[in-house]
Protein chains: 2
Amino acid sequence: MSWQLVNNDRNEEQLLVNESLFALGNGFLGVRGNFEEGYSDEKKSVRGTYINAFHDSTEITYGEKLHAFPETQQKLLNVIDSQTILMTINGRQVQAGEAVTMERTLDMERGLSIRVLSWHDEEAGKTTVTFKRLVSFTVKELFVQQVEIETEREASVHISMAVNGDVSNFSDPDDPRVASGHAKRLTIEQVDAGDILSVTCRTYESALSVHCSSKSAISVPAERTVSSGEGRAEEAYSYTSSGKAVLTRWSMYTDTYRHGDQLEQTAARLLSECGSFTEAEEAQHEYLKAFWKDTLLEIEGDPELQQGIRFNLFHLLQSAGRDAVSNIPAKGLSGEGYEGHYFWDTEIYMFPFFLMTRPDTARQLLKYRFSLLNAAKKRAREVGHTKGALFPWRTISGGECSAFFPAGTAQYHISADIAYSFIQYYLVTGEKAFLREYLTELLTETARLWMDTGHMKDGVFRIDDVTGPDEYTCIVNNNFYTNAMAQYNLKWAAACWELLEAKDAQALNQKLELEEGEIAAWKEAAERMYLPYDEKLGIHAQDDTFLQKKVWDLAATPKEKFPLLLHYHPLTLYRYQVCKQADTVLAHFLLEDTADEATMKHSYEYYEKVTTHDSSLSYCVFSMMAARHGDVEKAYRYFIETARLDIDNTHQNTKDGLHLANMGGTWLALVYGFAGMRVKESGLLFRPVLPKAWKSMSFRIRWREALLEVQLEKELVRYEALEGSLTFKHHDETISLKLGDTEEIPLRLS
Amino acid sequence: MSWQLVNNDRNEEQLLVNESLFALGNGFLGVRGNFEEGYSDEKKSVRGTYINAFHDSTEITYGEKLHAFPETQQKLLNVIDSQTILMTINGRQVQAGEAVTMERTLDMERGLSIRVLSWHDEEAGKTTVTFKRLVSFTVKELFVQQVEIETEREASVHISMAVNGDVSNFSDPDDPRVASGHAKRLTIEQVDAGDILSVTCRTYESALSVHCSSKSAISVPAERTVSSGEGRAEEAYSYTSSGKAVLTRWSMYTDTYRHGDQLEQTAARLLSECGSFTEAEEAQHEYLKAFWKDTLLEIEGDPELQQGIRFNLFHLLQSAGRDAVSNIPAKGLSGEGYEGHYFWDTEIYMFPFFLMTRPDTARQLLKYRFSLLNAAKKRAREVGHTKGALFPWRTISGGECSAFFPAGTAQYHISADIAYSFIQYYLVTGEKAFLREYLTELLTETARLWMDTGHMKDGVFRIDDVTGPDEYTCIVNNNFYTNAMAQYNLKWAAACWELLEAKDAQALNQKLELEEGEIAAWKEAAERMYLPYDEKLGIHAQDDTFLQKKVWDLAATPKEKFPLLLHYHPLTLYRYQVCKQADTVLAHFLLEDTADEATMKHSYEYYEKVTTHDSSLSYCVFSMMAARHGDVEKAYRYFIETARLDIDNTHQNTKDGLHLANMGGTWLALVYGFAGMRVKESGLLFRPVLPKAWKSMSFRIRWREALLEVQLEKELVRYEALEGSLTFKHHDETISLKLGDTEEIPLRLS
């Protein structure tokens with residue numbers, strides 16, 4: 001059961017949620033789990049096909065626009081639709097809503113979804129229609145569908161399919177968040193209907209083209225007709241037969257970013273190379289076998305959680321961009337929420353999973369960020385900085401897309417978050433080339449930003465007027481998270497230049513033109529970084545004045561007032577000690593050597609009381625820190641909230657797309673939380689614990705050339721080197737394993 | 001010369017500026033100084049007629065909209081145009097651009113403007129056309145024009161006039177600030193062309209109607225024709241004559257707010273009661289005689305400054321609403337800048353002039369604010385307050401119209417500013433009825449807001465996350481200005497209940513339902529109000545952390561980077577010690593008993609160094625405080641900046657309308673600055689000084705039943721009771737004057 005998600009609901013609300021849950025993708029292409037035939041009864045649907053990073057620019061309108069507010073936004077576009085397959089059997093429309101039974105399955109082991117409709121037809125007898133679809137991991141351009149139509153007696157069947165370029169993004173006049181314009185951003189460039197149906201569209205402003213070519217085959221003799229018009233190419237089959245007929249349909253998507261001006265040619269070539277549906281299915285299964293083998297992640301004792309974990313990892317895999325222009329949208333490729341933008345979610349919540357299990361993908365994610373460095377330098381100048389790089393809070397192609405700077409541009413920490421993930425990559429892989437080609441330059445430009453943002457005053461380095469991760473407290477001075485992350489950034493920027501070989505340092509200096517004393521200034525700023533601390537409470541203060549504010553009375557706040565941001569003006573929220581999400585506690589997770597154990601524990605306890613978890617980025621952090629501080633059962637309760645957040649639609653907005661950062665957070669909670677893993681400057685570390693409810697938990701990670709399996713059982717932990725050899729710490733104990741070695745150690749009671 | 005403003009420039013830029021400078025108004029109706037015939041050469045023009053508070057609602061679009069962001073804005077509308085008078089003489093169009101000479105005069109003594117065009121016509125010989133216009137102070141609905149046409153020889157003259165309802169607000173595609181929509185907000189309801197031309201229009205959303213009826217008369221036999229169409233009613237005269245012909249045109253404006261559903265009837269009645277232009281001129285002159293007599297304000301020794309002062313007072317008089325629905329727009333009725341909204345500008349910068357010279361108008365301005373109290377209570381709930389009234393930062397009819405809350409809604413101090421002006425009114429007039437009917441209720445509801453906004457922590461009362469007057473530092477904790485003003489508000493709220501007679505208190509309590517201990521809590525909050533103070537600098541800190549920030553290097557900032565807000569992202573500005581305008585220094589002016597002399601002087605010196613005066617509300621405050629602290633010559637230099645700011649267009653945006661707050665500031669700088677006047681709880685006080693450049697300065701103010709004249713000369717000050725009797729202080733000396741008494745006192749050298 002845990003390999004599959006089954007949901008047979010046909011009510012409007014769950015259907016919308018299922019469109020996200022059953023979305024298929026491969027990091028390049030994403031197709032929402034819509035029905036081929038659409039819904040009956042004018043039910044709402046977000047019918048969507050997306051190509052990662054394929055966007056248009058749209059104007060941002062402000063009531064009052066100030067200097068350097070972004071003028072345009074990028075918006076991930078719903079592209080050409082090739083999902084549609086309409087059928088009549090004996091003249092009667094095939095509709096899920098009409099079928100007697102519908103069984104719908106997302107198969108995470110094999111990477112496809114299956115939907116079976118069945119009913120009794122007066123003429124044709126027992127009738128079953130089975131839809132299968134997959135978005136290929138091995139041919140990224142390919143979306144392939146198969147329909148099996150089986151009737152008991154002879155029936156007359158008509159099937160029609162379209163490639164439709166006349167598409168829009170979702171807008172809903174009933175929902176102010178998605179009510180406004182910019183829905184239609186594609187013009188039709190070309191439509192063809194022959195052996196292959198094909199449509200090419202172009203964006204209004206960003207001058208990108210997208211193409212879809214589609215071909216089909218049917219297993220029974222049938223009459224085929226084609227037609228075209230209004231941005232659509234259509235084909236239809238008619239046949240009369242009893243028993244089973246199988247239709248297969250291959251659709252290839254190409255775009256300017258990945259295929260230059262060879263959109264149609266590439267699609268045609270790829271179509272010509274396609275094998276059968278079964279072959280595609282097998283390739284998909286092989287690919288996923290490797291994925292599941294490398295990540296493993298099994299828990300014994302809770303199949304529902306196991307299902308949630310698989311679901312979350314599967315969608316992470318489906319969502320991660322693997323090329324130079326794309327990253328991981330906050331909602332993956334499963335919906336239009338957050339306009340397909342990339343946030344810090346990638347670096348802090350999702351990157352570690354890829355780093356430890358699929359370092360090639362991790363590297364690609366970093367290369368994407370690195371490619372934005374020039375845009376980030378330009379943005380820093382616009383805002384008023386004389387040096388350094390300021391990464392945009394949300395973006396696709398590098399421009400700042402946040403239209404509300406207090407919880408957008410002001411989140412300067414994203415630059416340090418990106419720096420942090422670059423450092424983590426280096427710590428895990430030890431790649432010297434990475435140090436030389438990416439790490440040093442990125443850290444130098446972000447360190448420069450901190451030097452220009454902060455300043456030394458009375459012997460401490462202060463960073464004023466930024467927003468930390470907690471969006472219920474904006475524009476503050478000396479946000480602990482930001483200062484601590486900037487400190488790490490500055491320290492490592494200096495360290496990089498010392499790690500570089502002399503000739504590499506010289507070459508890089510040609511480009512980056514270090515000033516006299518610049519590195520020394522970074523070190524000094526890092527050493528003297530102001531990290532606000534409250535003696536009385538024994539905790540780090542979230543910022544200069546957070547602890548002076550009124551404490552929000554969460555217990556007295558009615559349930560329907562959550563999430564608070566939908567019920568209170570931001571100023572009211574800012575005025576209280578109340579957090580949307582982990583902030584100081586997240587800093588303690590990422591940088592555990594910045595504070596002592598007691599401080600981290602007190603901070604965790606203090607901030608827990610004022611945190612609403614209105615952000616889906618919060619639970620996993622509290623789960624990890626609960627585990628860190630010995631409260632395993634609370635860690636488990638927080639973990640549960642992450643594992644099934646989308647499956648159970650606990651945030652009530654899964655219809656807009658999945659919460660990818662939370663999905664990454666599930667893995668973090670397991671590996672960094674229960675297994676207590678840390679990647680430190682001194683190497684890899686584990687401090688494992690196991691919740692009572694589980695019999696065991698196991699997972700695999702890569703560390704340089706090694707593949708390590710960790711199995712946690714009730715009373716012991718077993719480390720096994722499945723590939724290569726490695727050295728790491730279990731608490732304070734150093735463990736070295738050679739290929740095939742196994743080490744069993746009793747679990748400490750916390 | 002100082003009674004007149006003359007400007008004969010005909011270049012596009014100055015013409016636009018002159019449209020504001022030559023605007024005429026009476027607090028109800030405002031007409032920009034456009035040319036009757038418009039401009040040639042497609043020169044830009046903001047052709048405008050405005051009725052105070054006559055607005056439509058327009059939608060505010062946000063890139064990202066959060067809870068309780070206002071959804072609509074109010075916009076002062078350009079209403080029906082009755083300025084247009086077109087003429088041909090011997091078939092040739094009369095155009096200022098074509099005339100050989102143009103002389104244009106604003107006569108502030110008589111309250112009208114005159115424009116004389118003259119040239120030599122081949123057939124008609126020497127030709128002169130003289131336009132006069134006035135907006136009546138005695139019949140508020142009346143705009144009256146007179147045109148004298150004089151030709152040397154016989155000429156054929158054609159005159160056409162329109163009442164045009166097909167009007168829009170100004171928009172300019174070249175200027176992003178005024179480029180966008182919402183320009184056209186009136187639909188035509190009715191057009192008539194008979195003896196009277198009349199047009200009625202209605203707003204799209206606010207359901208207000210405006211009407212204009214116009215009639216004309218000409219002194220020579222002429223053929224009259226009328227026509228109508230497209231929202232316009234037109235009439236024309238044709239005649240052939242030599243010598244002089246005089247056309248008079250009366251236009252009456254009525255609107256729903258002031259005339260209910262009797263728009264046309266009222267206008268017709270008023271038109272029927274109209275006398276000649278000369279009679280209107282005389283009534284206007286009489287009205288202004290009284291105005292100038294009561295305010296006096298003369299300086300000897302600087303005619304240019306004297307002109308600036310007269311100009312500023314004249315426009316204050318022209319701009320102040322005198323009825324229950326209107327107030328003083330930030331740009332008066334002279335332009336469309338700030339959408340005709342009312343800000344704190346009224347209470348803090350303009351109200352004192354009216355309070356001390358025209359208490360009836362002052363009272364009316366307060367009654368307008370009082371009428372918004374329910375809206376302010378509603379707004380407080382929207383934002384998240386459980387009690388109290390939060391006044392909108394900018395509004396016409398009571399709804400918050402600020403689309404950028406960090407420098408809008410967050411300026412909570414406006415509620416205390418309004419409270420302050422109510423208290424000042426009470427101190428000056430001593431009206432017990434005002435205490436009972438307005439003051440106590442307003443102070444109670446604003447005090448409640450402060451109690452709900454701030455909180456007691458470690459024995460001090462703190463107010464977090466507000467913005468003070470300085471918009472270069474937003475969303476801060478314990479802004480000194482806000483806290484000090486809130487303290488005064490709270491203290492006086494408590495005092496009011498003690499000043500009330502028992503039966504009045506009881507009656508009011510029925511309505512306001514004081515809670516047990518509520519007054520005591522106000523007193524305690526006031527006593528324990530946290531007023532951030534820096535021991536080392538010996539100054540009050542602008543807020544909790546202002547003095548911890550980097551100091552902006554103003555000397556190193558190139559001139560073209562000012563005003564800073566047009567060149568730096570707000571976050572960059574927030575991050576520095578740099579002020580757009582007086583903040584702490586303003587608090588010291590308003591509440592001089594909150595700090596000792598040394599602190600105020602140090603604050604003045606400190607903040608002066610970090611203030612750009614990018615706001616036109618800044619100079620007057622620094623002028624007053626320079627005078628207060630004995631630097632009279634610097635006070636004089638700041639004063640000069642205020643006195644001619646619009647005449648000399650020093651802020652480069654006078655075309656959008658006049659800077660009314662600065663105009664009030666000119667009067668403040670003279671009376672509160674040089675004459676050192678204060679209205680204190682202990683009574684009226686003067687501490688006069690005189691700049692070297694002046695021989696003398698005199699002015700008059702009202703204090704209860706008294707009219708006091710103050711004459712400052714080189715070495716003495718003369719106080720004279722022109723009406724009634726009064727007691728006041730000159731420094732520490734108590735002076736009592738009976739009607740006709742004069743007291744001369746040597747000036748102190750500072």
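Values below: every heavy atom of this structure, side chains too, minus hydrogens, waters and symmetry copies. Note on naming: letters A, B, ... go to the chains in the order of the sequence lines (proteins, then strands), and numbering restarts at 1 for each one.
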**Message:** Looking only at the side chains, is there a donor atom on one of Asp544(A) and Thr545(B) sitting less than 3.5 Å from an acceptor on the other?
**Reply:**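 No, no side-chain donor-acceptor pair sits under 3.5 Å.
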Please round to the nearest 0.5 Å and tell me the distance separating atom [atom1] of [X] and atom [atom2] of [Y].
| X | Y | atom1 | atom2 | answer |
| --- | --- | --- | --- | --- |
| His455(B) | Tyr576(A) | NE2 | OH | 9.0 Å |
| Glu64(B) | Arg394(A) | CD | CZ | 5.5 Å |
| Asp465(A) | Leu571(B) | CG | CG | 7.0 Å |

Specify the closest pair of heavy atoms between [X] and [Y], including all atoms of both residues, with the distance to one decimal.
| X | Y | result |
| --- | --- | --- |
| His67(A) | Leu565(B) | CB-O, 3.4 Å |
| Leu66(A) | Pro570(B) | CD2-CG, 3.9 Å |
| Gly63(B) | Ala403(A) | CA-CB, 3.5 Å |

**Message:** Is it the case that the side chain of Thr572(B) and the backbone of Val383(A) share a donor-acceptor pair, with hydrogens and angles ignored and the cut-off at 3.5 Å?
**Reply:**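 Indeed, once roles are kept as given, a pair shorter than 3.5 Å links the two residues.
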**Prompt:** Given a strict heavy-atom distance threshold of 4.5 Å, which part of Asp458(A) is in contact with chain B: side chain, backbone, both, or neither?
**Reply:**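 Looking at Asp458(A), just its side chain touches chain B.
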**Message:** Quick check on Leu547(A) against chain B: is it the side chain, the backbone, both or neither that has a heavy atom closer than 4.5 Å?
**Reply:**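 Looking at Leu547(A), just its backbone touches chain B.
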Measuring heavy-atom distances to chain A, does [X] have an atom under 4.5 Å in its side chain, in its backbone, in both, or in neither?
| X | value |
| --- | --- |
| Arg575(B) | both |
| Thr453(B) | both |
| Lys457(B) | side chain |

**Prompt:** Which of the residues His567(B), Glu382(B), Glu59(B), Met456(B) is involved in the greatest number of heavy-atom pairs with chain A at under 4.5 angstrom?
**Reply:**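 The residue among His567(B), Glu382(B), Glu59(B), Met456(B) with the greatest pair count is His567(B).
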**Prompt:** Where do Lys550(A) and Asp464(B) land on the salt bridge (charged side-chain N to carboxylate O under 4.0 Å, His left out) test, with the steps shown first?
**Reply:** CA-CA 9 Å; Lys550(A) 265 187 285 194; Asp464(B) 294 325; over 6 Å; no
**Aromatic plane relationship, Phe405(A) with His569(B) - under 30° parallel, 30 to 60° tilted, over 60° perpendicular** =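 Rings of His569(B) and Phe405(A): perpendicular, over 60°.
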**Request:** Flag the one option from Thr61(A), Ile60(A), Val476(A), Ile475(A) with the top tally of heavy-atom pairs under 4.5 Å to chain B.
**Result:**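 Going by pairs under 4.5 Å, I would pick Thr61(A).
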**Prompt:** When only pairs under 4.5 Å are counted, which of Pro406(A), Gly454(A), Ser402(A), Gly408(A) shares the most heavy-atom pairs with chain B?
**Reply:**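 Answer, by heavy-atom pair count under 4.5 Å with chain B: Gly454(A).
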